[in-house]
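This is the structure I want to talk about, given as structure tokens.
Just so it is clear: chains get the letters A, B, ... in the order the sequence lines come, proteins before strands, and each one is counted from 1.
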Amino acid sequence: MISSSSSTLLPKTLLSLLKKPKTIPRILQIHAVSITSALFFDPSFAARLLFAVSELSPTSPAYAETVFSQIPRPDTFSYNTIIRIHAHCGNPLKAIHFFALMRKNGIFGDNYTYPFVLKACGSMLGCKVGVLIHGEVIKRGFDEDLFVRNGLISCYCKNGEYGLGRKLFDGFVARDLVSWNSMIAGYVDYGDMEEAQNLFDEMPERDPYSWTILIDGYGKKVGDVDRARKLFDKMPKRDLVCWNSMIDGYTSCGKMDQARELFESMPERNVISWSILIDGYAQHGNPKEALDLFQQMLHQGTKPDKVSAVGAITACTQMGALDQGRWLHFYLKKKKILFDVVVQTALIDMYMKCGSLDLASDVFDSMCERSVVTWNVMIVGLGSNGCGRLALEIFHKMERERAPMDDLTFLGVLTACTHTGLVSEGLEIFERMKSEFGIEPKVEHYGALVDLLGRTGRLREARNVIGKMPMKPTSALWGSLLAACRTHKCVELAELSVEQLAKLGADDSGVYVLLSNIYAGEGMWDDVWRIRKLMKTGGMRKEIGRSAVEVDGTVHEFIYGDSSHPFMQEIYAVLQDLSNSVVSTR
DNA sequence: CAAGGAGCAG
């Protein structure tokens, strides 16, 4: 038991306590005062503490940096430790930064340094830095070290230079399992399963890593999940990771039954196994099952992490299940699941799609860090809830804060403008999109522009947008022009749209229904009958419209023409009321 | 006086 400290502990005592990684978080908390004074009095204490922090899982890079800054004259070991932490936590730039700092201070590192640095290069910095490091490795005589050499292979392979990796691999006098595995992973990453399989067959011995690389490759890279399964069944010794990988192979191609079967027969599971399945159900249109599974996971005593939490939130979003979403939000807060940008963004999206603008805004306002996705979700959410002005406000806030934007930001703003009829504002932003923000409009943006103009009756301009856009117009573009023609009664452009849709092979029943409605509206009955006949001979049928909503935890489904819902009368009364009030506000 | 390279969820 760690006693709560009234007196200050000596650095030596603290260090002996820090030997057990599991208790470190508590020690950091309880003995914060002692640690501060130890940092002050014992010059080597910070270095030891830094190492202790690096052993934590999850590590806190921010805390590690604070500790690092307390080290008076960091040696190679301390630099290695801070570089390792950052490389491991996915901060490659930071890792390289400390590598550079080390060099600046006249320390050149040892053969322990390079594998960390190479990992950082491999993950995102590109192999140009890798090539530089390679030169450095040779210069310092570390090129005989297998750890370093394997690090180089993986760095090259992860940057698409698998040829360079292979050259290194072939030149090895000695290889170990990791050399083989790194090379095979390189081929799999590149999508060359044949070469990967060849190497795999040539291997003198294999471990679960080797098998998993191939299973994962067949399952996700090439979608040959049956081949992956054959390998899986042949494996002599299976570990947790390869089970998860196999399950993920099934979920990523939508074979949820097989995934579930495998999941049920697992000897042990971790939070990743649950997350894979939860997310799989959420991604493949079975959010109810995803939520059930999430509950099962809690029941079974597995603590959810950020990933599984996001999966469950997404499932709520898809079902429009506000109550369950709110409960989840509350639960995550209570259990102190880390709230990062991704989780919070998922919550905003959920609240928006459930129509709860206030709760969404609460989360948004409480965030100290926001990603592009966060802003986008906010803008899209406000727009689709009919608050175009508010969406524009968020966009302008983004501008003021110089937050990075992407194409989805603009798509969101344009759509928001369309829904609220803010034509001039939308046009202005479309103009500035390329000139000021340097973002090239895609087909979707032109589509939004056509919608924006079309819905307010500026059909000629909408048609000109389609005519002048730099890429080939898609069927969706003609479709929205057609829809606009229906609202604003323009037979000529409607016929043109249908003609173009037919050329693109996108003339489904809905298209002809629209056209015949337009004819009917203009009293052109001959044309109406012509279209109806055309539809009948073409074997087309109107698709049935349906929607679903959650109330008090129950999901209600509505199908066009179906009157089996117990509250049908009341529902229609409300609808009548709503349409009356819409008419009166116009 | 401690440490490194390869595989699974977003």
Side-chain angles (χ1 to χ4, degrees), chain A residues 15 18-19 21 44 47-52 54-55 75-85 87-88 90 109-122 142 145-155 157-158 165 168-169 175-189 196 203 206-217 219-220 228 232 235 238-252 259 266 269-280 282-283 304-311 313-314 340-343 345-346 373:
Chain A
L15 284 174
L18 292 177
K19 287 259 154 68
S44 73
R48 312 282 190 89
L49 180 61
L50 179 68
F51 178 70
S54 79
E55 293 284 271
D75 60 355
T76 308
F77 184 75
S78 294
Y79 276 112
N80 286 353
T81 310
I82 193 77
I83 293 171
R84 181 178 111 225
I85 291 173
H88 206 76
D110 55 15
N111 52 341
Y112 279 90
T113 317
Y114 288 89
F116 306 135
V117 178
L118 286 167
K119 190 183 168 102
C121 295
F142 297 140
D145 188 316
L146 253 186
F147 285 94
V148 176
R149 304 194 82 173
N150 289 341
L152 276 167
I153 292 189
S154 131
C155 177
C157 288
K158 284 198 174 134
L168 256 174
F169 177 82
R175 292 176 190 134
D176 65 359
L177 253 173
V178 182
S179 322
W180 287 90
N181 290 341
S182 310
M183 198 57 232
I184 295 177
Y187 281 120
V188 170
D189 241 24
M203 281 178 92
R206 308 179 184 102
D207 67 354
Y209 273 81
S210 334
W211 291 90
T212 309
I213 294 165
L214 275 199
I215 290 175
D216 198 57
K220 284 213 290 289
F232 180 80
M235 261 180 99
R238 298 180 201 126
D239 65 359
L240 184 54
V241 176
C242 86
W243 278 91
N244 286 345
S245 194
M246 190 63 235
I247 294 177
D248 191 45
Y250 280 127
T251 61
S252 58
M266 279 176 96
R269 298 174 190 135
N270 65 2
V271 67
I272 295 184
S273 331
W274 289 95
S275 300
I276 290 170
L277 210 58
I278 292 174
D279 211 64
Q283 299 295 322
D305 62 355
K306 289 182 286 184
V307 179
S308 45
V310 170
I313 297 170
T314 317
D340 70 344
V341 202
V342 183
V343 177
T345 305
V373 187

Aromatic ring proximity, centroids under 6.0 angstrom, A:Phe169 and A:Trp180: yes

Nearest-neighbour nucleotide for the A:Asn181 side chain, B:dA3, B:dA6, B:dA9 considered: B:dA6

side-chain contact (heavy atoms from CB on, under 4.5 Å) partners of A:Pro208, counting only residues at least two apart: A:Met235, A:Asp239

Interatomic distance, A:Trp274 CH2 vs B:dA9 P [rounded to whole Å]: 19 Å

Given B:dA6, B:dC8, B:dG10, the nucleotide with the shortest approach to the side chain of A:Lys119: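 Output: B:dA6.
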
Sugar-phosphate only, base, or nothing, as touched by A:Phe116 at under 4.0 Å among non-hydrogen atoms: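 Sugar-phosphate, backbone atoms only, no base.
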
Sub-4.5 Å side-chain heavy-atom contact between A:Ile278 and A:Val307: no

Whole angstrom value for the distance that separates P of B:dA6 from CZ of A:Phe169: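 It works out to 15 Å between those atoms.
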
Nearest-nucleotide pick for A:Val307, side chain only, options being B:dA9, B:dA3, B:dA6: B:dA9

Rounded interatomic separation in angstrom, taking OH from A:Tyr209 and P from B:dC8: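 These atoms are roughly 10 Å apart.
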
Closest to side chain of A:Asp145, choosing from B:dA2, B:dC8, B:dG4: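 Side chain of A:Asp145 sits closest to B:dG4.
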
Touch class at under 4.0 angstrom, heavy-atom based, for A:Arg48 against every strand present: base

base_contact_polar (B:dG7 base, A:Asp239 side chain, donor-acceptor, <3.5 Å):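 Such a pair exists between side chain and base.
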
Value in whole Å for how far the C1' atom of B:dA2 lies from CG of A:Asp110: 12 Å

Sugar-phosphate, base or nothing in reach of A:Ile213, heavy atoms under 4.0 Å: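 Sugar-phosphate only.
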
Aromatic stack A:Phe51/B:dA2: centroid gap under 5.5 Å, interplanar angle under 30°: no

A:Ser275, nearest nucleotide to its side chain (from B:dA9, B:dG4, B:dA2):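 In terms of side-chain proximity for A:Ser275, the closest of B:dA9, B:dG4, B:dA2 is B:dA9.
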
Protein-nucleotide distance (A:Leu177, atom CG; B:dG4, atom P), rounded to Å: 18 Å

Minimum-distance nucleotide to A:Asn244 side chain [options: B:dC8, B:dA6, B:dG7]: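 Of the options given, the side chain of A:Asn244 lies nearest B:dC8.
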
Sugar-phosphate, base or nothing in reach of A:Asn270, heavy atoms under 4.0 Å: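 If one applies the 4.0 Å heavy-atom cut-off, A:Asn270 turns out to touch nothing in the nucleic acid.
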
Residue A:Val178, side-chain heavy atoms: nucleotide from B:dA2, B:dA6, B:dA9 that is nearest: B:dA6

Aromatic ring proximity, centroids under 6.0 angstrom, A:Phe51 and A:Phe77: yes

Rounded interatomic separation in angstrom, taking CH2 from A:Trp243 and C1' from B:dA9: 18 Å

Pair A:Asp248 + A:Lys220, salt bridge at N-O below 4.0 Å: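 Yes, A:Asp248 and A:Lys220 are salt-bridged.
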
Base of B:dG4 paired with side chain of A:Asn80 (donor-acceptor, under 3.5 Å): no

Sugar-phosphate, base or nothing in reach of A:Lys158, heavy atoms under 4.0 Å: sugar-phosphate

Whole-Å distance separating the OH atom of A:Tyr112 from the C1' atom of B:dA2: 10 Å

Side-chain donor or acceptor of A:Thr314 paired with backbone N/O of A:Val310 under 3.5 Å: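 Such a contact is found between A:Thr314 side chain and A:Val310 backbone.
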
Sugar-phosphate, base or nothing in reach of A:Asp189, heavy atoms under 4.0 Å: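 Contact class for A:Asp189: none.
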
A:Asp216/A:Met246 under side chain to side chain contact (heavy atoms under 4.5 Å, CB included): CA gap, chis, key distance, verdict: CA-CA 7 Å; A:Asp216 198 57; A:Met246 190 63 235; over 6 Å; no

Sugar-phosphate only, base, or nothing, as touched by A:Val241 at under 4.0 Å among non-hydrogen atoms: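 Base: the residue A:Val241, judged by heavy atoms under 4.0 Å, touches a nucleobase.
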
Distance test, side-chain N/O of A:Lys306 to OP1/OP2 of B:dA9, below 4.0 Å: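 Answer no for this pair, as no side-chain N or O of A:Lys306 is under 4.0 Å from OP1 or OP2.
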
Sugar-phosphate only, base, or nothing, as touched by A:Val342 at under 4.0 Å among non-hydrogen atoms: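 No contact.
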
Atom-pair distance (CD on A:Glu55; C1' on B:dC1), nearest Å: 13 Å

